[in-house]
**Q** 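Okay, handing you the structure first.
We name chains A, B, ... by the order of the sequence lines, and we start the count at 1 in each one. On a predicted model such as this, the values are computed, not experimentally measured, just so you know. Hydrogens, waters and symmetry mates play no part in the numbers below; they use all other heavy atoms, side chains included.
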Amino acid sequence: MKAALHEWNLAPKEAIALQKELATRLESDDRIAPVTHIAGMDIGFEDNGDTTRAAVVVLKWDPQTAPDLTLVEHVVHREPTRMPYIPGLLSFREIPAALGAFEQLNILPELIMVDGQGIAHPRRLGIAAHLGLWLDLPTIGVAKSRLYGKHDEVGEVRGDWVPLRAGNETIGAVLRSRDKVKPVFVSPGHRISLETSLDWVMRCLGRTKLPEPTRLADRLASRRDQHVKKPQNLLF
DNA sequence: GCGACAG
DNA sequence: ATCTTGTCGC
């Protein structure tokens, strides 16, 4: 791997310049290998934020049994938190830990869903886009709230969606992933189009708001399910 | 100058 | 993100 601590330990000003440069390398057309495994990634914190916990789950994709996905691998990686949360610079705070988790993975997914924005970002390099470039894998950003862009109100039925725009460009979509529930913000990261991103998010939707990959990664990264281990927690 | 602001 | 219990609704 390209070592370089300087790739992550940057002052805000340098980080912003790097984002602009990296954004020009993103591929917005689909360049995806036949999908058999989909990963989900999310970050959580412990020790009052001093420890960053990265969680990655890998689900088996079987068109025959879809939308039922099977959890086939999961990894949790902890390391000291390196910097505070700064809107627009989230990837510099969370990706280093995420890479630690991906390094321990045995199964290489063809697609990754990340808890955060793809190109729906002021400089078009949200955490999903940044991670996709680094791993050179297709990524989709699935955020629970908006960071950037404007949009009209979205219908209340599952599947309804409206474009998320920035000036003339469409940078993502506001998707009603579950009836009457707060919508999610879907935006392509690397090597995937918005249309295909929406297709995959829809295909991975159970009866919950979040698609299975990020829903499970979310639970693994979160502190809550950490102690309880009874019912469906048998998954972990 | 005044808000907005992923996780 | 995280601190935290119960509670309203399908």
**Q** Applying the side chain to side chain contact (heavy atoms under 4.5 Å, CB included) test to A:F185, which of A:V174, A:I171, A:V142, A:L147 qualifies?
**A** A:V174
**Q** Give me the ring orientation class for A:W8 and A:W134: parallel if the planes are under 30° apart, tilted from 30 to 60°, perpendicular past 60°.
**A** tilted
**Q** Determine, stepwise, if the pair A:T214 / A:D218 fulfils side-chain hydrogen bond (donor to acceptor under 3.5 Å, both in side chains).
**A** CA-CA 6 Å; A:T214 49; A:D218 212 293; over 6 Å; no
**Q** Under 4.0 Å, counting only non-hydrogen atoms across every strand here, what does A:I127 touch: a base, just sugar-phosphate, or nothing?
**A** base
**Q** Give A:N48 one of three labels, base, sugar-phosphate or nothing, depending on what nucleic acid heavy atoms sit under 4.0 Å from its own.
**A** nothing
**Q** Begin from the C-alpha positions of A:F102 and A:H77 and carry the test ring pair (Phe, Tyr, Trp, His ring centres under 6.0 Å) through to its verdict.
**A** CA-CA 9 Å; A:F102 275 102; A:H77 169 77; over 10 Å; no
**Q** Is it true that A:E169 and A:R124 make a salt bridge, defined as a side-chain N closer than 4.0 Å to a carboxylate O?
**A** yes
**Q** Would you write the dot-bracket representation of DNA chain B, where each base gets (, ), [, ], | or . depending on whether it forms a Watson-Crick or G-U pair under 3.5 Å and with which partner?
**A** .......
**Q** With a 4.0 angstrom cut-off to heavy atoms of chain A, pull out the first and last contacting nucleotide of DNA chain B, in 5'-to-3' order.
**A** B:dA4 to B:dG7
**Q** Based on Watson-Crick and G-U pairs with both distances under 3.5 Å, what dot-bracket line describes DNA chain C 5' to 3', crossing pairs as [ ] and inter-strand pairs as |?
**A** ..........
**Q** Applying a 4.0 Å non-hydrogen cut-off, can you work out what A:D115 is touching in the nucleic acid: base, sugar-phosphate, or nothing?
**A**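 Contact class for A:D115: sugar-phosphate only.
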**Q** So what does A:G44 touch, heavy atoms closer than 4.0 Å: a base, only the sugar-phosphate, or nothing?
**A**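 Sugar-phosphate, backbone atoms only, no base.
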**Q** Does the side chain of A:L205 come within less than 4.5 Å of A:R158's, by heavy atoms?
**A** yes
**Q** Between A:R78 and A:E46, is there a salt bridge with N-O shorter than 4.0 Å?
**A** yes
**Q** Measure the distance from CD1 on A:I43 to P on C:dT2 and round it to the nearest whole Å.
**A** 11 Å
**Q** For A:F45, report the nucleic acid contact type (base, sugar-phosphate, nothing); a contact means any heavy atom under 4.0 Å.
**A**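 Sugar-phosphate contact only.
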**Q** Under 4.0 Å between a Lys/Arg side-chain N and an Asp/Glu carboxylate O for A:R191 and A:D136?
**A** yes
**Q** Hey, are the side chains of A:R82 and A:P96 touching, using non-hydrogen atoms and a 4.5 Å cut-off?
**A**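 With C-beta onward as the side chain, the pair touches.
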**Q** Using a cut-off of 4.0 Å on non-hydrogen atoms, how would the nucleic acid contact of A:K144 be classed: base, sugar-phosphate, or nothing?
**A** sugar-phosphate
